[in-house]
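First the structure, in the form of structure tokens, and then the observations on it.
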Amino acid sequence: MGLNNYYRWQTISGVLALAVGFMGGMSSVTAQKVNVCDAPKPGEYLLLINSPTQDNRAQLKRVLPSQLKISTCKYLNGKVVTRLGGFNKIDDANRWARYIRDSAGLNAIITTRPADNKTPKTRSVSYKPRSLGKGYAVLVDYYNRPQMASRVRNVVKGDVGFVSYGQRPYLLATYTTDQKAAYKTLQNLSEKGFFTIIVDSRKVMLLRSVVKLP
């Protein structure tokens with residue numbers, strides 16, 4: 001190769017490398033433009049799977065059936081998650097959340113929206129001895145280990161109740177009409193590794209307002 005041809009090749013290679021780098025940068029910027037997650041439909045149970053990296057999302061695609069509709073979006077605190085919706089029953093959402101955790105090692109939270117699509121006004125709520133009223137209940141699956149109530153109490157910095165929902169027992173982390181407060185509690189517990197869901201509190205039966213701890 002002649003000297004002129006060599007320099008010409010070096011120039012072309014540099015331009016190509018610069019172009020590839022620029023395009024790669026554009027791809028990275030484009031990849032960061034993720035929309036905020038759509039809220040669940042009234043009566044729908046929604047899985048939000050913690051998947052901040054491309055590897056996480058590729059892993060999900062390998063373990064989830066292709067017919068499931070999933071999308072990447074940003075949760076309340078800007079964290080990137082994979083949205084999986086369309087569940088009409090809490091048990092179905094629970095099964096998929098456990099499957100994802102066991103097969104992909106990724107944690108998912110479950111959220112829902114009252115079926116009447118009405119968001120109650122913010123007000124303080126006290127526990128009731130029977131069924132809970134209108135609002136949001138944040139529940140924790142304690143896997144038949146009552147001692148988990150102490151850990152939950154440390155996170156929420158308050159009393160933890162005992163409830164029944166969908167014919168299954170749960171720890172009641174909080175009950176409130178403040179949607180943002182409920183989601184904040186859900187987020188805090190999920191980040192600590194608890195299997196947590198947020199549900200329409202009118203469907204929750206309060207069995208014990210405060211779990212007695214040793």
Side-chain angles (χ1 to χ4, degrees), residues 39-40 43-50 75-77 79 81 87-102 105-116 118-214:
E44 177 189 25
Y45 292 95
L46 181 69
L47 263 66
L48 298 174
I49 307 154
N50 186 26
Y75 192 42
L76 294 177
N77 59 349
K79 182 180 294 185
V81 297
F87 301 106
N88 297 321
K89 297 180 180 178
I90 184 62
D91 287 343
D92 293 338
N94 274 327
R95 279 194 291 269
W96 278 105
R98 288 192 174 92
Y99 169 76
I100 290 168
R101 183 184 57 197
D102 294 341
L106 300 174
N107 291 323
I109 61 175
I110 302 173
T111 182
T112 188
R113 183 175 174 184
D116 62 2
K118 294 181 180 177
T119 303
K121 295 181 179 179
T122 301
R123 58 181 175 84
S124 60
V125 180
S126 60
Y127 290 112
K128 297 181 180 180
R130 300 193 182 109
S131 60
L132 297 178
K134 186 180 293 184
Y136 303 88
V138 178
L139 311 181
V140 177
D141 191 334
Y142 66 102
Y143 303 105
N144 293 321
R145 290 180 291 173
Q147 63 271 23
M148 284 183 62
S150 179
R151 293 175 52 206
V152 174
R153 185 178 66 175
N154 290 336
V155 176
V156 301
K157 296 179 173 54
D159 291 331
V160 175
F162 187 61
V163 300
S164 175
Y165 177 75
Q167 298 182 342
R168 291 192 57 200
Y170 290 91
L171 295 175
L172 175 64
T174 190
Y175 160 48
T176 179
T177 56
D178 186 340
Q179 185 180 34
K180 290 184 178 180
Y183 274 89
K184 183 64 176 178
T185 301
L186 178 82
Q187 176 185 329
N188 290 340
L189 287 165
S190 298
E191 289 177 349
K192 297 294 184 181
F194 293 99
F195 188 85
T196 314
I197 61 176
I198 183 170
V199 302
D200 181 350
S201 55
R202 292 171 300 181
K203 298 179 181 179
V204 177
M205 180 65 67
L206 182 64
L207 305 178
R208 190 176 300 168
S209 60
V210 179
V211 175
K212 294 182 180 179
L213 301 173

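You'll find the side chain of P40 stays beyond 4.5 Å of the side chain of Y45, heavy atoms only.
Between T176 and A182, the shortest heavy-atom distance links the atoms CG2-CB, 3.9 Å. Closest approach of K134 to T177, counting heavy atoms only: O-CG2, 3.3 Å. Y165 approaches Y170 most closely through the heavy-atom pair O-CE1, 3.6 Å.
Under the side-chain contact (heavy atoms from CB on, under 4.5 Å) test applied with L171, the options V138, V211, L139, V156 reduce to a single match, V211.
With sequence neighbours left out, Y142 forms a side chain to side chain donor-acceptor pair (under 3.5 Å) with no residue at all. With sequence neighbours excluded, the residues satisfying side chain to side chain donor-acceptor pair (under 3.5 Å) with D141 are R98, R168. Partners of N188 according to the side chain to side chain donor-acceptor pair (under 3.5 Å) rule, which considers only residues two or more places apart in sequence or in another chain, do not exist here. Considering only residues two or more places apart in sequence or on other chains, R95 meets the salt bridge (Lys or Arg N to Asp or Glu O under 4.0 Å) condition with D92. For S201, the side chain to side chain contact (heavy atoms under 4.5 Å, CB included) partners at least two apart in sequence or on another chain are L132, A137, Y175. Partners of A97 by side chain to side chain contact (heavy atoms under 4.5 Å, CB included), not counting sequence neighbours, listed by chain and number: L47, A108, I110, F195.
In this structure, the separation between CZ on R151 and CZ on F194 is 4.0 Å, given to the nearest 0.5 Å. Between the NZ atom in K184 and the OG1 atom in T174 there is a gap of 13.5 Å [rounded to 0.5 Å]. The distance from atom CG of N50 to atom CD1 of I109, rounded to the nearest 0.5 Å, is 9.0 Å.
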Apply the test side chain to side chain contact (heavy atoms under 4.5 Å, CB included) to residues I198 and Y183: give CA-CA distance (whole Å), side-chain angles for both, the deciding distance (0.1 Å), then the verdict.
CA-CA 8 Å; I198 183 170; Y183 274 89; 4.0 Å; yes
Which is it for R101 and N107 under the side chain to side chain contact (heavy atoms under 4.5 Å, CB included) test, yes or no, and what are the steps along the way?
CA-CA 5 Å; R101 183 184 57 197; N107 291 323; 3.9 Å; yes
Determine, step by step, whether L186 and T196 satisfy the side chain to side chain contact (heavy atoms under 4.5 Å, CB included) criterion, reporting the C-alpha distance in whole Å, the side-chain angles of both residues, the deciding distance to 0.1 Å, and the verdict.
CA-CA 6 Å; L186 178 82; T196 314; 3.4 Å; yes
Would V152 and L189 count as a side chain to side chain contact (heavy atoms under 4.5 Å, CB included) if you check the C-alpha gap in whole Å, the side-chain angles of each, and the deciding distance to 0.1 Å?
CA-CA 8 Å; V152 174; L189 287 165; 4.1 Å; yes
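For CG of N88, the number of neighbouring non-hydrogen atoms (other residues, nucleotides, ligands) closer than 6.0 Å is 12 at most.
Using a distance-only test at 3.5 Å, with no hydrogens or angles considered, a donor-acceptor pair links the side chain of D178 to the main chain of A181.
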